[in-house]
Protein chains: 2
Amino acid sequence: MLSLVEENYLKAIYHLSEGGKEQVSTNAIADVIRTKPASVSDMIQRLDRKGVINYTKYQGVKVTNEGKEAALSVIRKHRLWEVFLVEHLNFSWDEVHEVAEQLEHIKSPLLIERLDKFLGQPKVDPHGDPIPDAKGIFRAKPQQPLQHLSEGSLAVIRAVKDTSSAFLQHLDKLGAHLGTQVKILEKVEFDNSMQIQLDQSPPVFISNQVAENLLVQEK
Amino acid sequence: MLSLVEENYLKAIYHLSEGGKEQVSTNAIADVIRTKPASVSDMIQRLDRKGVINYTKYQGVKVTNEGKEAALSVIRKHRLWEVFLVEHLNFSWDEVHEVAEQLEHIKSPLLIERLDKFLGQPKVDPHGDPIPDAKGIFRAKPQQPLQHLSEGSLAVIRAVKDTSSAFLQHLDKLGAHLGTQVKILEKVEFDNSMQIQLDQSPPVFISNQVAENLLVQEK
DNA sequence: ATAAAAATTTAGGTCAATCTAAAAATAATT
DNA sequence: AATTATTTTTAGATTGACCTAAATTTTTAT
């Protein structure tokens with residue numbers, strides 16, 4: 001049984017290792033958890049003892065199968081609650097994160113099973129991230145940062161990488177939502193910004209940062 | 001800002017003082033919280049420093065106005081979540097307590113405001129307990145233990161005092177729910193049990209304990 | 001290949017929340 | 001009223017989750 005804090009560490013480690021990297025470093029963890037490397041050092045030794053990660057001194061950590069299962073269970077809960085907040089309590093996609101961070105730690109298998117059913121077993125959360133099923137299985141849709149596409153490409157927004165309020169509110173202003181169609185009209189070499197068209201709206205410029213954080217599926 | 005544990009102590013103290021008693025004793029708190037009196041002694045000194053209770057050594061504690069507000073906010077959340085679980089996630093009234101004990105500590109005024117609206121601003125929870133509004137105001141319906149009524153009385157079940165699964169499941173078997181009409185057919189002096197009729201069902205005997213925990217409104 | 005820089009770990013400390021054992025205060029009983 | 005019993009508090013320890021400062025290891029750069 002993991003404590004709330006341990007769950008947060010494990011989730012962070014899992015997310016850091018999602019990017020393909022096998023070994024996750026102490027500093028990287030300290031960064032996401034917003035804590036000191038010394039504290040992380042402490043904690044990863046505890047998580048190692050609990051069997052959810054493998055830790056070798058100075059070499060970073062790797063999530064075990066047991067750890068992956070636990071991490072996915074927390075992620076599943078987080079994303080299901082986000083769906084609930086947006087679809088039933090009228091939250092906007094930039095308001096859900098902090099609350100879901102709390103709700104994800106509620107321990108009740110029955111609750112999650114029932115919530116899942118109530119929501120109609122959704123497959124993605126309001127940011128387009130896939131929701132693992134009860135067994136931790138999920139299918140990641142083929143998607144890439146808008147930045148990677150070339151001039152003239154046509155794509156559909158499927159997810160966002162950054163889920164900060166600032167970014168999401170900016171997208172709202174632009175009219176960029178999940179399912180919105182994007183056409184790349186022009187790529188500016190100078191600063192990697194680009195001019196795009198969202199659905200039938202007039203063309204707009206977006207910065208490199210925005211394009212990096214918009215995950216799209218090419219048509 | 002109170003910690004989860006502090007909230008639980010405060011809630012317990014508030015509930016203990018609801019029964020009219022001004023001063024709540026260390027042992028009584030230890031009993032409900034299932035902790036040792038020494039730990040309670042520690043904690044009530046902390047809660048006193050935080051201003052939510054007034055503590056005088058060896059004399060017990062009393063909830064302050066500020067404390068009452070905080071306690072009612074937790075109770076409001078607990079009861080709103082119970083309504084949600086029963087009305088939308090198909091929980092039965094004997095399954096909600098433990099989950100609501102966790103959900104009541106989620107901190108998000110927006111969440112509670114929206115949940116309240118979603119649920120249609122309910123006035124009572126699945127056990128008949130009144131739900132305080134955002135300002136902590138609630139109206140307790142006039143009700144008394146069934147045990148207090150005399151032979152021949154007619155009443156309606158409005159709430160339950162005990163909310164343990166064991167008790168609630170027993171009530172389910174008897175067919176006793178909120179809103180069920182009760183007629184007292186006979187009171188047995190020997191053991192304080194009684195024979196009652198629930199709605200149009202055949203008469204049944206109930207023990208003194210059951211009658212003490214059924215809160216009714218006389219007709 | 002060595003020195004400097006960066007990352008990581010250890011040592012030692014703090015705070016919240018608990019505990020046990022012992023001391024002190026209050027209440028009950030003869 | 002004095003003694004006994006009960007309740008409450010204090011003292012001292014423990015565990016989880018953090019911190020700072022110092023030591024160690026690894027990496028990078030000269």
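From a predicted model like this one, the values you see are computed outputs, not experimental measurements. Note on naming: letters A, B, ... go to the chains in the order of the sequence lines (proteins, then strands), and numbering restarts at 1 for each one.
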task = With the side chain of B:A38 defined as its heavy atoms from C-beta on, choose the nearest nucleotide among C:dT18, C:dA21, C:dT9.
result = C:dA21
task = Specify the separation, in whole Å, of atom CG of B:D42 and atom P of D:dA11.
result = 11 Å
ask   = Can you check the A:R46 CZ to C:dT9 C1' distance for me, whole Å?
value = 16 Å
query = B:L4 CG to C:dA16 C1': how many Å, rounded?
reply = 12 Å
key: Phosphate contact (D:dT8 OP1 or OP2) by B:N27 side-chain N/O below 4.0 Å   = yes
inquiry  = With a 4.0 Å limit, can you tell me whether A:Y55 has a side-chain N or O closer than that to the phosphate oxygens OP1/OP2 of C:dT9?
reply    = yes
message = Quiz question: by atom type and distance under 3.5 Å, do the side chains of A:N27 and A:S25 form a donor-acceptor pair?
response = no
inquiry  = Rounded to whole Å, how long is the line connecting atom CD of B:E6 with atom P of C:dC15?
reply    = 15 Å
key: Set of ring pair (Phe, Tyr, Trp, His ring centres under 6.0 Å) partners for A:H170, sequence neighbours left out   = none
Any donor-acceptor N/O pair, B:K77 side chain to B:E104 backbone, under 3.5 Å = yes
key: Side-chain N,O (B:S25) to OP1/OP2 (D:dT7) below 4.0 Å   = no
query = Just to confirm, is there a sub-4.0 Å distance from OP1 or OP2 of D:dC18 to any side-chain nitrogen or oxygen of A:T35?
reply = no
task = Indicate, with a heavy-atom threshold strictly under 4.0 Å, whether B:T26 touches base, sugar-phosphate, or nothing.
result = sugar-phosphate
key: Contact under 4.0 Å: B:S39 side-chain N or O vs C:dC19 OP1/OP2   = yes
inquiry  = Whole angstroms only, please: what is the CD-P distance between A:Q59 and D:dT26?
reply    = 6 Å
query = Does the side chain of A:Q217 pick up a donor-acceptor pair with the side chain of A:R158 at under 3.5 Å?
reply = yes
A:H105 side chain to A:N8 side chain, donor-acceptor N/O pair below 3.5 angstrom = yes
ask   = Counting only side-chain N and O atoms of B:Y9, is one of them less than 4.0 Å from OP1 or OP2 of C:dT18?
value = yes
query = Taking OP1 and OP2 of D:dA17, is either one under 4.0 Å from a side-chain nitrogen or oxygen of A:K36?
reply = no
ask   = Rounded to the Å, how far apart are B:M43 CE and C:dA16 P?
value = 10 Å
request  = Round to a whole Å and report the spacing from OH of B:Y58 to P of C:dT26.
outcome  = 7 Å
query = Side-chain N or O of B:Q45 less than 4.0 angstrom from OP1 or OP2 on D:dT10?
reply = yes
task = Please state how far atom CG in A:L2 lies from atom P in D:dT15, giving the value in whole angstrom units.
result = 19 Å
